[in-house]
Amino acid sequence: MRLPLRLIVGPMVLALMATTASHAEPSTAQREACTPDVWRLCSGEIPNVTRITACLRREKARLSPDCRAVFNASSRPRSAGL
């Protein structure tokens with residue numbers, strides 16, 4: 001029995017977002033922001049999360065604005081109060 005792709009990609013994107021954010025649980029909005037970019041730019045890397053993350057970083061200039069914002073937010077240093 002084959003699983004529908006959405007059941008495979010959903011957890012994969014969850015894992016991807018967990019590796020890009022520093023100690024933060026990815027939100028539904030973050031997953032939704034990057035899932036189309038994974039399919040559009042990095043589908044050949046599925047299901048390898050490390051390679052997908054590298055692909056998205058390599059393709060940062062081509063990411064959708066919403067997904068780019070997720071990656072930009074994850075690379076900003078956090079203040080001591082947050």
Side-chain angles (χ1 to χ4, degrees):
M1 176 174 79
R2 291 185 59 172
L3 290 173
L5 284 177
R6 65 184 165 81
L7 293 179
I8 296 168
V9 173
M12 180 271 313
V13 172
L14 174 65
L16 166 68
M17 299 312 300
T19 63
T20 61
S22 60
H23 310 296
E25 183 69 23
S27 70
T28 300
Q30 289 171 320
R31 288 189 302 272
E32 288 175 0
C34 290
T35 297
D37 290 330
V38 170
W39 283 110
R40 182 172 57 88
L41 301 169
C42 306
S43 62
E45 309 301 340
I46 295 170
N48 187 314
V49 174
T50 302
R51 289 176 58 181
I52 291 168
T53 303
C55 174
L56 290 174
R57 287 191 175 128
R58 187 174 57 247
E59 297 291 342
K60 190 172 183 178
R62 296 175 60 199
L63 294 177
S64 64
D66 291 340
C67 186
R68 190 176 309 120
V70 170
F71 275 85
N72 287 340
S74 69
S75 64
R76 284 188 211 129
R78 292 175 164 240
S79 70
L82 296 178

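Only heavy atoms go into these numbers, but all of them, side chains included; no hydrogens, no water, no symmetry mates. Because the structure is a prediction, the values reported are computed rather than measured.
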Of all heavy-atom pairs between Cys42 and Ile52, which one has the smallest distance, and what is that distance? SG-O, 4.3 Å
Could I get the full list of side chain to side chain donor-acceptor pair (under 3.5 Å) partners for Ser64, not counting sequence neighbours? Asp37
Which atom of Glu32 lies closest to which atom of Pro36, heavy atoms considered: O-CD, 3.2 Å
Can you sort out the partners of Ser43 under side-chain contact (heavy atoms from CB on, under 4.5 Å), two or more places apart, ordered by chain and number? Trp39, Ile46
To the nearest 0.5 Å, what is the distance between CG on Leu63 and CZ on Phe71? 6.5 Å
Output all residues satisfying side chain to side chain donor-acceptor pair (under 3.5 Å) with Arg58, sequence neighbours left out; order by chain, then residue number. none
So, using side-chain contact (heavy atoms from CB on, under 4.5 Å) as the criterion, who are the partners of Arg51 when residues are at least two apart? Glu45, Asn48
SG of Cys55 to CZ of Arg62: how many Å apart, nearest 0.5 Å? 8.5 Å
